[in-house]
Novice: 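Please read through the structure below; I'll follow up with questions.
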Number of protein chains: 2
Amino acid sequence: MRLTTKGRYAVTAMLDLAFHSQSNPVTLTDIAARQTISLSYLEQLFARLRKANMVKGIRGPGGGYTLSNNATEINIADIIAAVDEPIDATKCGGEGNCQNEKACLTHDLWMGLSIQIKDYLKGITLAQLIENHQIQETAKRQNGDTLKVIEVHRNSELTSNL
Amino acid sequence: MRLTTKGRYAVTAMLDLAFHSQSNPVTLTDIAARQTISLSYLEQLFARLRKANMVKGIRGPGGGYTLSNNATEINIADIIAAVDEPIDATKCGGEGNCQNEKACLTHDLWMGLSIQIKDYLKGITLAQLIENHQIQETAKRQNGDTLKVIEVHRNSELTSNL
DNA sequence: ATAATAGTTGACTATTTTAGTTGGTTAAGT
DNA sequence: ACTTAACCAACTAAAATAGTCAACTATTAT
């Protein structure tokens, strides 16, 4: 699992799409303008998203893109995986043909962590992000807190969960 | 929070260090050989890790690097942050001087997610990764399962936690 | 003292990825 | 027909990643 600006663009664009494609398809031109991403770069990203069957393109006037599935079905890990082709991560070819066991050990550890991160992002959907945000917005309005609204998440269950 | 091969190298090297620097300092040459990372690239990474006060360099014969703190005190997010200078993520300068509220909205959402990921990685220490791995190793020996040992983590608490 | 070890520094290079550009073709609506 | 907007491919610029080279400095063993 890699997490680069490319993936961020994709997630941002998908979020934008989830927001605005409730009734009508959304054009890439609109997303490009709103999110300040170049149209052609968006085209590249959406070519991959379409291949991964996450969005549907509708041609012609009034066309644009819509989500293939409900926003509750689309998780962040899949979006990132769609645009960001994966890297092998293990130098030793994947299935440890590495002589020294200890050499592979840390690769192995990283792989484990990588899977954890992926699982974590798999558990977050577009719908959750949006809904969560709205909850925060109302909370913000209620107590007038300007910042650190999001800083709530404590991962105390992690150890027990591993 | 970004997650690139650079960060992976850093985490891998730190894991290697945590393993081997129990009694004696570990040289970058050793780590380079074990993890197949070029020595000079490691030097660059460790220059940053040292500045971030995560490792101590010991000069002269028998020298090398040791962890500055106990492996239980070192979390993954800090390692990555040390080598991977952060990007702004928001086009609108950070403190939303963006005219259209909706334009900022998705940036905002991404930022929220980014913080979540960071918090998540902050909760994982080198010691946990190693310990966790050993548990899995014994489990692997016990029931002879070759693969998908790590695939345990389910994030059902996520929604409630947000 | 001196040699060996090993960290420290900086400049430089190659490769890859990211981001954007240009210039089209194809499908659908009016 | 004409417009709109997806779709497609090749190409380019800029940045990040990964690695190289060479000189230098601090430490310690002999």
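Lettering follows sequence order; numbering is per chain, from 1. These values consider heavy atoms only, across backbone and side chains, with no hydrogens, waters or symmetry-generated copies.
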Novice: Considering residues at least two apart in sequence or located in another chain, which fulfil the ring-ring contact (aromatic ring centres under 6.0 Å, His included) criterion with A/Tyr41?
Specialist: A/Tyr9
Novice: Please list, pair by pair, any protein nitrogen or oxygen found under 3.5 Å from a nitrogen or oxygen in nucleotides 24-30 of chain D.
Specialist:
residue	atom	partner	partner atom	Å
D/dA26	O4'	B/Arg59	NH1	2.1

Novice: Report the residues that fulfil side-chain contact (heavy atoms from CB on, under 4.5 Å) with A/Ile117, sequence neighbours left out, ordered by chain and then residue number.
Specialist: A/Met1, A/Leu113, A/Leu121, B/Leu3, B/Tyr120, B/Leu121
Novice: Could you work out, with salt bridge (Lys or Arg N to Asp or Glu O under 4.0 Å) as the rule, every residue matching A/Arg48, not counting sequence neighbours?
Specialist: A/Glu85
Novice: For a quick test of reading the model: is some side-chain N or O of B/Thr27 closer than 4.0 Å to OP1 or OP2 of C/dT5?
Specialist: no
Novice: What salt bridge (Lys or Arg N to Asp or Glu O under 4.0 Å) pairs are there with at least one residue in residues 66-81 of chain B, not counting sequence neighbours?
Specialist: B/Asp78-B/Lys122
Novice: Could you list the residues that satisfy side-chain contact (heavy atoms from CB on, under 4.5 Å) with A/Asp30, not counting sequence neighbours?
Specialist: A/Val26, A/Thr27, A/Arg34
Novice: Closest to the B/Tyr65 side chain: D/dA6, C/dG7, C/dT17?
Specialist: C/dG7
Novice: Does anything in residues 51-71 of chain B pair up under side chain to side chain donor-acceptor pair (under 3.5 Å), and if so which pairs, sequence neighbours excluded?
Specialist: B/Asn70-B/Thr72
Novice: Is any side-chain N or O of A/Thr4 closer than 4.0 Å to OP1 or OP2 of C/dT18?
Specialist: yes
Novice: Which residues, if any, of residues 38-57 of chain B bring a heavy atom under 4.0 Å of DNA chain C?
Specialist: B/Glu43, B/Arg50
Novice: Apply side-chain contact (heavy atoms from CB on, under 4.5 Å) to B/Ala82 and list each qualifying residue two or more places apart in sequence or on a separate chain.
Specialist: B/Leu49, B/Ala52, B/Met54
